[in-house]
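Notes follow once the structure below has been shown.
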Number of protein chains: 2
Amino acid sequence: MEIRPAREDDWPQIYPIFSAIVADGRTYAYPEGLSSDEAKALWMEPPPGRAVVAVDGDRVLGSAKMGPNRPGRGAHVATASFMVDPAAQGRGVGRALGEHVVAWARDAGYRAMQFNAVVETNTGAVRLWQSLGFRILTTVPGAFDHAEHGYVGLHVMYLELVPA
Amino acid sequence: MEIRPAREDDWPQIYPIFSAIVADGRTYAYPEGLSSDEAKALWMEPPPGRAVVAVDGDRVLGSAKMGPNRPGRGAHVATASFMVDPAAQGRGVGRALGEHVVAWARDAGYRAMQFNAVVETNTGAVRLWQSLGFRILTTVPGAFDHAEHGYVGLHVMYLELVPA
């Protein structure tokens with residue numbers, strides 16, 4: 001598995017993964033039913049952010065996007081989002097993308113990384129981020145309408161990159 | 001003072017307030033130096049959100065925008081932002097806008113309202129929201145680069161509108 005910047009010609013492989021994960025309704029509060037172009041505008045983050053893919057040869061296994069969490073006076077804190085092909089679960093793709101993104105943010109000089117909305121029932125992701133050093137700052141109660149469980153909480157997770 | 005939906009012809013009065021508050025660097029992590037059109041696209045929120053103005057006759061004293069905090073499966077939680085003309089401080093404009101916005105969210109059927117980034121040193125605003133029932137869920141350390149104080153925290157504030 002290799003992680004490299006996402007290219008224009010990766011999008012046809014990223015979009016089905018994006019669509020399937022959003023339609024599944026368990027992990028992301030993105031608009032449902034986005035066209036390929038709309039989803040691409042949302043996912044393929046322009047500089048100073050970027051998007052990457054995890055690939056096995058020509059096959060896209062997953063993707064991450066990263067960049068400033070806020071503009072202006074909040075732009076020293078990074079954020080990121082992750083999508084792994086459901087058919088490629090269990091191969092360490094999420095961990096490899098997570099480690100890549102944290103290293104990128106550190107190298108780019110961000111002071112911290114913040115995830116704004118990690119679904120609390122997505123325990124695999126929560127544990128993965130915790131293993132990378134993120135901690136749960138709070139859980140916004142009932143902020144996500146889960147396809148199976150109804151209203152569940154969204155964790156705000158945080159990793160300091162530069163000692164305060 | 002009256003609060004009513006913001007109209008196209010209010011923008012020439014809203015933009016200088018917006019620009020002054022962002023340039024002041026103490027309360028909002030918006031991009032600096034936005035053109036009038038860019039700021040307008042950001043502030044004049046389209047349906048299902050909306051923007052309102054607090055007016056005294058023809059004079060705009062302040063403005064608020066409101067709408068879903070997230071799309072899709074997060075769209076049952078509202079958020080809002082507020083700007084009060086620095087020259088109209090102390091007249092209860094912020095409180096009137098805050099009360100209006102909370103009533104709007106309740107009437108529109110939102111389950112809660114969340115403020116994602118209240119600058120911790122903006123104690124007037126923090127106390128105002130607390131007096132309207134908001135509580136601080138967490139403070140993201142150092143997430144705002146304050147023009148005077150340097151890195152200060154951003155509060156996540158939350159008001160339940162429908163009992164869980």
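Order of the sequence lines sets the chain letters (A, B, ...), proteins ahead of strands, with each chain counted from 1.
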**Request:** Measure the spacing between CG of B:D145 and CZ of A:R70 and express it to the nearest 0.5 Å.
**Result:** 14.0 Å
**Fill in**
Heaviest contributor of heavy-atom pairs below 4.5 Å to chain B, chosen from A:P141, A:A117, A:G74, is A:P141
**Item:** Interatomic distance, A:T138 atom OG1 to B:I136 atom CD1 [nearest 0.5 angstrom]
**Value:** 11.0 Å
**Prompt:** Under 4.5 Å between side-chain heavy atoms, hopping through other hydrophobics if needed: is there a path connecting B:V119 to B:L97?
**Reply:** no
**Prompt:** Taking A:V140, A:N69, A:T139 one by one, which has the highest count of heavy-atom pairs under 4.5 Å against chain B?
**Reply:** A:V140
**Prompt:** For the candidates A:A75, A:G33, A:G25, which exhibits the highest count of non-hydrogen atom pairs separated by less than 4.5 Å from chain B?
**Reply:** A:G25
**Message:** Is A:Y158 in contact with chain B via its backbone, its side chain, both, or neither, using a 4.5 Å heavy-atom distance?
**Reply:** side chain
**Asked** Is it the case that one hydrophobic cluster holds both A:Y28 and A:Y151, taking links as side-chain heavy atoms less than 4.5 Å apart, direct or via other members?
**Response** no
**Message:** Under 4.5 Å from any heavy atom of chain B, what part of A:A112 do you find: side chain, backbone, both or neither?
**Reply:** neither
**Request:** Look at atom CG of B:D58 and say whether more than 12 heavy atoms of other residues, nucleotides or ligands are closer to it than 6.0 Å.
**Result:** no
**Prompt:** Do the side chains of A:F18 and A:F144 join up, straight or via other hydrophobic residues, at under 4.5 Å, putting them in one cluster?
**Reply:** no
**Prompt:** Quick one: does A:H76's side chain have a donor or acceptor within less than 3.5 Å of a partner on B:G142's backbone?
**Reply:** yes
**Message:** Can you give me the closest heavy-atom contact between B:P71 and A:A29, atom names plus distance?
**Reply:** CG-O, 3.2 Å
**Asked** Between A:V77, A:V156, A:L137, which shows the greatest number of heavy-atom pairs under 4.5 Å with chain B?
**Response** A:L137
**Item:** Set of residues satisfying ring pair (Phe, Tyr, Trp, His ring centres under 6.0 Å) with respect to A:H146, sequence neighbours excluded
**Value:** A:H149
**Message:** To the nearest 0.5 Å, what is the distance between CZ on A:R73 and CD on B:E32?
**Reply:** 5.0 Å
**Message:** Would a single hydrophobic cluster contain both B:V101 and B:V93, if residues Ile, Leu, Val, Met, Phe, Trp and Tyr are joined by side-chain heavy-atom contacts under 4.5 Å?
**Reply:** yes
**Message:** Same cluster or not: A:W104 versus A:L132, using hydrophobic residues (I, L, V, M, F, W, Y) connected whenever any side-chain heavy atoms lie under 4.5 Å apart?
**Reply:** yes
